[in-house]
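Before any comments, here is the structure.
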Amino acid sequence: MNTVEISNELIQFIESSPSMFHSIKTIRTYLEEDGFTYLPESCAWNVKAGGKYYTIRNHSSLIAFKVGKDLDSYHFQMCASHSDSPTYKVKNVPELEGPKEYLRLDVEAYGGMIDNTWFDRPLSVAGRVLVRNGSKIESKLLYIDKDILMIPNVAIHFNREVNNGYKYNRQIDLCPMFSCGALKKGAFDKMVADELGVKAEDILGKDLFLVNRQKGLVWGLENEFVSSPKLDDLQCAFVSLKAFMEAENEKSVNVYCCFDNEEVGSNTKQGAMSTFLKDVLHRINNGLGKSEEEYYQAIAKTFLVSCDNAHALHPNHPEKTDAVNYVTMNGGIVIKESANQKYTTDAFSRALFTGVCQNVNVPVQSFANRSDSVGGSTLGNLSNTQVSIHAVDFGLAQLAMHSCFETAGVKDTEYAIIALKEFYETNVQIDEAESVCLEK
């Protein structure tokens, strides 16, 4: 498969993932087609050497794992990405009537998006709906596969300052237009009910989000670029999944994580700061008949690759990035570092993962923020509050992060799969933070 084909598969992966709930459904489809066994959190687990398993929490986070058959040096090798992206959530009472015959949706920001990228684009909604069915309340996935919404810009004739730095008010400016007379109050819940084949009065709860309907594409005269909604972070969710599924390692328990709610701080029952990862690792340990002491020894020898995209050098604003610690699209995978530990990378984890990449000739780039600007945090340092392990922050260079349509390099998707597959297939033997042996 060449770089364009891989990027086209990435686009399909993203298109089948219009919400975090759909992201997990898509990942489950990949795993089940590959023979993984589902282990519900609410049931007893039967974990065996050589087995392939996964579990989910809240239907928006997933952890999968492969158990090696020769665990003489028992440890875990893990990658973690996230299933969510910045968007707008539809409020429980969804409709705003007026002015005149207009019907609009009442939404609020989920995460830190670039507001003005959401204007004048075809939009829809996706997520989950909780529906009464007799004595049961059931969760149903919803995606309205149609252009049904638009957030219209104010004409420049009425907003002469729009090109001089206009501050948008999310309660006023970001309300999607749903109808200008053809639909009346109650139409939104009726639409949802009709799509699901239920009665509107049986809908008891909704987690629905706006979806940018613009299709992803590979572009450029030489097909250099891939642009799509949700590259942050579904590109990393995709490459780490492909690498995890393709890799074989009998010496390790390989683990794939995709957490929800990274864009709003991860401090939820299904986020990276939750007990989800710790709970799963303990249950693997117990299922393999290991003692608590063996668990702690394994954690000391465990390594995590925190997978979240990185900021590429901007062609019009190179001054926004550090003078030497900047990265380019199609320049290889990115290791991110921060002195204030917003990223988990240190000299030991950088050296370890750089060594893995060198073994398969994947180029490595180094990213750090300018010293006079503050960057965001991501999964690695947050998950370490529950499971303290050696970790590196990894990403792929992209432009327009948190826009509703982002851009990355086609080569980097392939580089990432190669590098992460090598990581999963290498028997990483950590001796404290003194040394590490990378054996195949």
Side-chain angles (χ1 to χ4, degrees), residues 1 3-31 33 59-62 79-88 110-111 113-114 117-118 121-128 141-147 208-220 223-245 256-263 307-310 312 329 395-417 420:
M1 183 178 288
T3 55
V4 172
E5 290 174 335
I6 293 171
S7 289
N8 282 327
E9 184 181 351
L10 167 65
I11 290 168
Q12 291 299 314
F13 179 88
I14 293 172
E15 287 183 356
S16 66
S17 307
S19 76
M20 60 282 281
F21 305 102
H22 291 82
S23 300
I24 297 309
K25 179 184 178 183
T26 299
I27 294 167
R28 291 183 73 174
T29 299
Y30 271 78
L31 294 172
E33 288 178 353
H59 287 270
S60 60
S61 293
L62 178 148
C79 288
S81 57
H82 61 91
S83 61
D84 61 324
S85 298
T87 180
Y88 302 87
Y110 175 91
M113 70 290 295
I114 303 175
T117 65
W118 286 82
R121 295 178 185 265
L123 306 173
S124 188
V125 293
R128 68 173 175 183
L141 279 181
L142 175 80
Y143 175 44
I144 306 294
D145 191 10
K146 185 177 182 180
D147 304 329
L208 297 178
F209 302 85
L210 296 191
V211 179
N212 174 18
R213 296 267 296 166
Q214 188 169 356
K215 299 292 186 183
L217 72 159
V218 173
W219 62 279
N223 292 323
E224 294 176 79
F225 307 108
V226 56
S227 293
S228 171
K230 300 175 181 286
L231 286 178
D232 174 28
D233 188 36
L234 292 187
Q235 187 177 22
C236 277
F238 172 77
V239 296
S240 54
L241 177 65
K242 293 283 287 185
F244 169 74
M245 291 175 58
Y256 168 87
C257 309
C258 191
F259 295 110
D260 191 9
N261 301 136
E262 191 276 344
E263 297 295 355
C307 302
D308 203 356
N309 272 2
M329 294 178 291
L396 302 178
Q398 70 162 87
L399 293 172
M401 187 177 289
H402 288 199
S403 168
C404 73
F405 202 70
E406 302 165 322
T407 295
V410 294
K411 290 182 181 178
D412 293 331
T413 305
E414 183 178 24
Y415 283 143
I417 294 172
L420 294 176

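Just so we're clear, the structure is a prediction, and the values are computed from it rather than from any experiment. Just so you know, residue 1 is the first one in the sequence shown, and it goes up from there.
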Straight-line distance of [X] [atom1] to [Y] [atom2], nearest 0.5 Å:
{"X": "F405", "Y": "Q214", "atom1": "CZ", "atom2": "CD", "answer": "4.0 Å"}
{"X": "W118", "Y": "M113", "atom1": "CH2", "atom2": "CE", "answer": "7.0 Å"}
{"X": "S83", "Y": "K25", "atom1": "OG", "atom2": "NZ", "answer": "15.5 Å"}
{"X": "N309", "Y": "Q235", "atom1": "CG", "atom2": "CD", "answer": "5.0 Å"}
{"X": "L231", "Y": "L10", "atom1": "CG", "atom2": "CG", "answer": "6.0 Å"}
{"X": "H22", "Y": "L234", "atom1": "NE2", "atom2": "CG", "answer": "12.5 Å"}

Do [X] and [Y] make a side-chain contact, defined as non-hydrogen atoms from C-beta onward lying under 4.5 Å apart?
{"X": "L208", "Y": "L142", "value": "yes"}
{"X": "R121", "Y": "R213", "value": "no"}
{"X": "L62", "Y": "Y256", "value": "yes"}
{"X": "D147", "Y": "L123", "value": "no"}
{"X": "L31", "Y": "L241", "value": "yes"}
{"X": "T407", "Y": "W219", "value": "yes"}

Given the options D260, D308, N261, H82 meets side chain to side chain donor-acceptor pair (under 3.5 Å) only with D308

Take D84 and K230 through the salt bridge (charged side-chain N to carboxylate O under 4.0 Å, His left out) test and state the conclusion after the steps. CA-CA 8 Å; D84 61 324; K230 300 175 181 286; over 6 Å; no

Closest approach of [X] and [Y], non-hydrogen atoms and distance?
{"X": "A400", "Y": "E406", "answer": "O-CG, 3.2 Å"}
{"X": "Y143", "Y": "V211", "answer": "CE1-CG1, 4.3 Å"}
{"X": "S240", "Y": "C79", "answer": "CB-CB, 4.1 Å"}
{"X": "D232", "Y": "S85", "answer": "O-OG, 2.9 Å"}
{"X": "C307", "Y": "L420", "answer": "SG-CD1, 4.3 Å"}
{"X": "G127", "Y": "S19", "answer": "CA-OG, 3.6 Å"}

May I ask you to check whether S16 and T26 show a side-chain donor-acceptor distance below 3.5 Å?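 Yes, because at least one side-chain N or O of S16 sits under 3.5 Å from a partner of the opposite role on T26.
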
Just say parallel, tilted or perpendicular for the rings of F209 and F21, cut-offs at 30° and 60°.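 Geometry flag for F21 against F209: tilted rings.
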
Dump the intermediate steps for side-chain contact (heavy atoms from CB on, under 4.5 Å) on I417 and F244, then the final yes or no. CA-CA 9 Å; I417 294 172; F244 169 74; over 6 Å; no

Are Y110 and Y88 an aromatic pair, judged by ring center distance below 6.0 Å?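 No - the distance between ring centres of Y88 and Y110 does not fall below the 6.0 Å cut-off.
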
Yes or no on side-chain contact (heavy atoms from CB on, under 4.5 Å) for F238 and T413, after CA distance, side-chain angles and deciding distance? CA-CA 9 Å; F238 172 77; T413 305; 4.2 Å; yes

Can you establish whether the number of heavy atoms outside H59 located under 6.0 Å from its atom NE2 is more than 12?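 Count not over threshold, so no.
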
Show, in sequence, the C-alpha distance, side-chain angles and deciding distance for F225 and L217, and conclude whether the side-chain contact (heavy atoms from CB on, under 4.5 Å) test is met. CA-CA 8 Å; F225 307 108; L217 72 159; over 6 Å; no

Side chain of [X], backbone of [Y]: donor and acceptor closer than 3.5 Å?
{"X": "D233", "Y": "S81", "value": "no"}
{"X": "S228", "Y": "I11", "value": "no"}
{"X": "T87", "Y": "L210", "value": "yes"}

Under 4.0 Å between a side-chain nitrogen and a carboxylate oxygen: does that hold for K411 and E224? no

Y30/I27 under side-chain contact (heavy atoms from CB on, under 4.5 Å): CA gap, chis, key distance, verdict: CA-CA 5 Å; Y30 271 78; I27 294 167; 5.6 Å; no

